Each structure stands twice: as structure tokens, then as C-alpha cells.
Number of protein chains: 2
Amino acid sequence: MAQTEGAEKSGTRAEMREETERAILDAAEGIFAEAGFGGATMQAIADSCGLPKANLHYYFSSKEKLYRRVVERIFTVWLEAADSFDTDATPEVALRRYIERKMQLSRDYRYGSKVWANEVLHGAPIIQDYLETTLRSWTETRVAVIRRWIAQGAIRPVEPRWLLYMIWATTQHYADFAHQIETLNHGPLEADQWDDATETVCSIILRGIGIDPGAPA
Amino acid sequence: MAQTEGAEKSGTRAEMREETERAILDAAEGIFAEAGFGGATMQAIADSCGLPKANLHYYFSSKEKLYRRVVERIFTVWLEAADSFDTDATPEVALRRYIERKMQLSRDYRYGSKVWANEVLHGAPIIQDYLETTLRSWTETRVAVIRRWIAQGAIRPVEPRWLLYMIWATTQHYADFAHQIETLNHGPLEADQWDDATETVCSIILRGIGIDPGAPA
DNA sequence: AGCAGACCTGACCAACCAGTCAAGGTCGTT
DNA sequence: AACGACCTTGACTGGTTGGTCAGGTCTGCT
């Protein structure tokens, strides 16, 4: 009994290592999000996951390496989410699904979004290469999709980049500026507020580009 | 000749003091924006404005006091800009003017916007009182204006807060995420790109809430 | 059992940073 | 001219932080 003390203790050596690394990454994500790279201390991260500081350096050789891994992990989640854009569906379905997914991520991965925002805000000193390779190529494929929609007359002609930025900005705002939103809201958003906000974002953007939401396909 | 060496040297004592303080605040805004509060060092700010570090402490007793003054200054600029919302104009005119002004500010006060974003991102540890007093009351008056528009049938019924957040998020994105945008754009946005982005943001939001932009008033 | 390698950690160090201070310089006023 | 208030600055300090390391513990394998 009491077999699972620290939620690790079972599994192979490799599994335990992976689990410890994940615990450190989780803690680091929260601390980096709240304090920034410069403001975060290894000691605070260690305290947050109940490990001695020296142990962190056993798994991650330096603060910067740890930070990079945190950012990489978030970026991966976002890229996977971005696949909801990939379908051959109509603009209405594809965009609605993408926006809904991004709102969901803002709700579920608030800290990850904050770390990313923080990194870009400061000029992306650590993950500049990601911007120039993965993000750029992803963006270009989506821009092409949007251009095709425009050519087909399915949506109003707008520069695709400005549309993408609008979606990113609006959805991530609910994570990055959560503190401001919650202050103005006198508390965290309720489930129905999240739903209403999501629906409002969808409807404004879809109508804004000339789609009448709810109209039969 | 060469009377104005460091752009200070003339004027009364009080004027010179004010000018020095402004130079420090300008330098601090840039450093805080790029490095965050924790990552910024007083030495870096001192170097940035060509003053010895000890001199900064003569004008601003502590790093936190200096930071607070930087944030306060930005907040003031934003509040003044917000007056473009205050008119009795139609929703189309009022919103268009507000969005255009906010885009302008993102272009002209990029660093200020970044410092604000950084502060809110980290839970507003320094300026929480501003959120609870000034920002909250400002927001409530604008929410009331938007509700009146809805009651008059001038715009589609949407929760006013989500609309405001959308405007803030989208416009400020062009300052806070400027680095990401410029990376994807292979360089800074040109003047016509700024104009096009502004027009696109306006048109999507206005159409999105049921206004047909360009229609005669 | 016993060994090798992976894992853990308290104590320590060099680097760095916000803030201080005392001594010297400059300006307005009488 | 001369006095006091204001301004400037190099040198210093107490405290903090990222990173190291030696010695200990645990695990899986033969």
C-alpha cells in the first residue's frame, strides 16, 4: 500500500526518467510564464516540483536548455492543433474548427501560451530558428489555402496574413491576458462565458470575411 | 556653437531635470520591453542612455519605482487614445477611429505596448491597482456605450467585452508580436502594409458586428 | 550476493546585481 | 564673490543566482 508515493515509483528506468523530466517541465512552464526567463530562478522551479535544485541540473544541463525544452513542447502542441486547419472542408468549417481549438488551448494551456508570448515579446532570442523554419512554412501553406478560398469567391478578399494574425491574437489573448480579463470579470470566466466568447470570436471573424455563419453549406 | 551637446544643456534646472528623467524613462522602456523586469539590469539601462548607474538611482530611488513610472506613462498614452471612443458618433465612425488609433499606437509605441503586455502576462504584480480602478471604470463606460448601440439595433448583439478584447488583442498584437510578424514578413512592415492591415482589421470587425463599412450614414 | 552504472543531493563557489556612499563638481542666488 | 542646494560618479557591498562536485544511495543484472 502507498505504492505510488510521488506519483513515480513504478515503471521502467526510462519511464521514471521521462516522468521526472515531465514534472520538471511542468513546473518550469508555470514559473517561466509567471516570472519570465530572467525573473525565474532554478530554485523556484525546484521548489515547485519538490526536487533539490542540483537535481534539475542533472536532467537539464542549464537554465537555457530547460527553457528551450519548455518552449519546444508548447510549439509542438500548437502545431498539432493547427492541423484542424488542414482539411478540405469549407472555409466556415475549417476556420470555425481552428478558432474553437485555439480558444480551447488558451483555456487548457494558459502557461504555455504565456511562455511563448514572453519569448516572442523579447525578440525570440532562444527560438528564432523555429520562427524562420517551422512557423514560416506552416504559415505559408495556410496562406495558400486562404488564397484559394478567395480565388473561389468563398470569402471576401483580405490579405491572409492579417486574418491569421487576428485569429492568433484574439484567441491567445484569452491566455496571455487572462489576468486582465479576470480582473475585469471579477473572477475567472465561467464555462458559459468561454462558450459565448468563442462563439462571438467565430461569428465576428466569419461574418467579417463575408461568410454568413449558420447558412447552409 | 555645439551648444546642445547631449540634447540637454539649456533650459532651467527643472527643465533639465525633466529632460534627464525622460531620457532615462525612454531607455528603461526599451530595456524593460526587450528583457522583462527580471532580465533588465540597471546597468543596461544606464548604458542605453549614456549615464552612470549611480545617476539613475539619484532620479529613481529603485528599479521598481522606475519600472512603475514606465508603465504609468504608457497607460496614460493609452487612456488618452481611448477618448476617440468617447464621441457620440455612429458605431462605425467611433470604432473605426478607435481601431485606427490603436494600430497607430502599436506602430509608434511598440516598446510601451510590450512592457504593458509583459506586466499583465506576469500577473500585473506592480500595476494591479490600475487594472482595478482606472481600466475597470473605463471599460465599464465603453461597455455601456456598446450596449446602447445594440439596444438601438445599430450593431449585432454581441457581448461588449469580447468585442473590446478582440480590438485590444488584434491591434496590440502588431506591437507585442512585432518580432514574429517581421520574421514572417522578411522585414518590417511597409507603410502600405500597415494601412492594409489597419483597413482589414477595421473591415472584419465592423462587418463582423453587422455594419456594412462604406455604406452611407 | 555483489558489482557497475544510473540517480540523488547538501554544500560550495564565482559571477552578477541592486542599491549605497562619500567626495567632488556645477549652478542659481544674494 | 561666496554660499548652499543640486547634481554627478567611481568605488564599494551585501545578497542572490546559475552552475559544480564529491560523496552517497538505489536499481537492475549476472
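First the proteins, then the strands, lettered A, B, ... as listed; each starts at 1. Fair warning: this is a prediction, and the values are worked out from it, not measured in the lab.
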Check your understanding: Do B/Gln172 and A/His173 get their side chains close enough for a donor-acceptor pair, meaning under 3.5 Å?
Key -> no
Check your understanding: In whole angstrom, what separates B/Glu64's CD from C/dA18's C1'?
Key -> 12 Å
Point to revise | Side-chain N,O (B/Tyr58) to OP1/OP2 (D/dC7) below 4.0 Å | key: yes
**Study point:** Integer-rounded Å distance: C/dG19 P and B/Ile45 CD1
**Key:** 11 Å
Point to revise | Gap between atoms CD and P, on B/Glu15 and D/dC6 respectively (whole Å) | key: 17 Å
Check your understanding: What heavy-atom pair brings A/Ile99 and A/Thr171 nearest, and what distance separates the two atoms?
Key -> O-CG2, 4.0 Å
Check your understanding: Whole-Å distance between D/dG15 P and A/Gln43 CD?
Key -> 18 Å
Practice item. Compare side-chain N and O positions of A/Tyr59 against OP1 and OP2 of C/dC7 and report whether any pair is under 4.0 Å apart. Key: no
Check your understanding: Taking only residues two or more places apart in sequence, or in another chain, which ones meet B/Phe60 in a ring-ring contact (aromatic ring centres under 6.0 Å, His included)?
Key -> none
Check your understanding: With distance as the sole criterion, do the side chain of B/Lys53 and the base of C/dG19 form a donor-acceptor contact below 3.5 Å?
Key -> yes
Practice item. From the options C/dT20, D/dG19, C/dT9, select the nucleotide whose nearest atom is closest to the side chain of B/Ala54. Key: C/dT20
Practice item. Please work out which residues in residues 118-129 of chain A have a non-hydrogen atom less than 4.0 Å from an atom of DNA chain D and list them by number. Key: none
Check your understanding: Counting only side-chain N and O atoms of A/Arg17, is one of them less than 4.0 Å from OP1 or OP2 of C/dA6?
Key -> no
Review point. Counting any heavy atom closer than 4.0 Å, what does A/Ala44 reach on the DNA or RNA strands: base, sugar-phosphate only, or nothing?
Key: nothing
Check your understanding: Parallel under 30°, tilted from 30 to 60°, perpendicular over 60°: which one fits the rings of A/Tyr174 and A/Trp194?
Key -> tilted
Practice item. Calculate the interatomic distance between A/Met42 atom CE and C/dA11 atom P; express it in whole Å. Key: 20 Å
Review point. For the residue pair B/Tyr98 and B/Trp138, does the interplanar ring angle fall in the parallel (under 30°), tilted (30 to 60°) or perpendicular (over 60°) class?
Key: tilted
Practice item. Would you kindly give the CG-to-P distance between B/Leu66 and C/dG19, to the nearest whole Å? Key: 10 Å
Review point. Would you call B/Arg161 and A/Asp196 a salt bridge, taking side-chain N to carboxylate O under 4.0 Å as the test?
Key: no
**Study point:** Ionic contact status for B/Arg68 with B/Asp129, cut-off 4.0 Å
**Key:** yes
**Study point:** Length of the CG-C1' vector between B/Asn55 and C/dG25, whole Å
**Key:** 13 Å
Practice item. Report the distance from atom CG of B/Leu56 to atom P of D/dT8, rounded to the nearest whole Å. Key: 11 Å
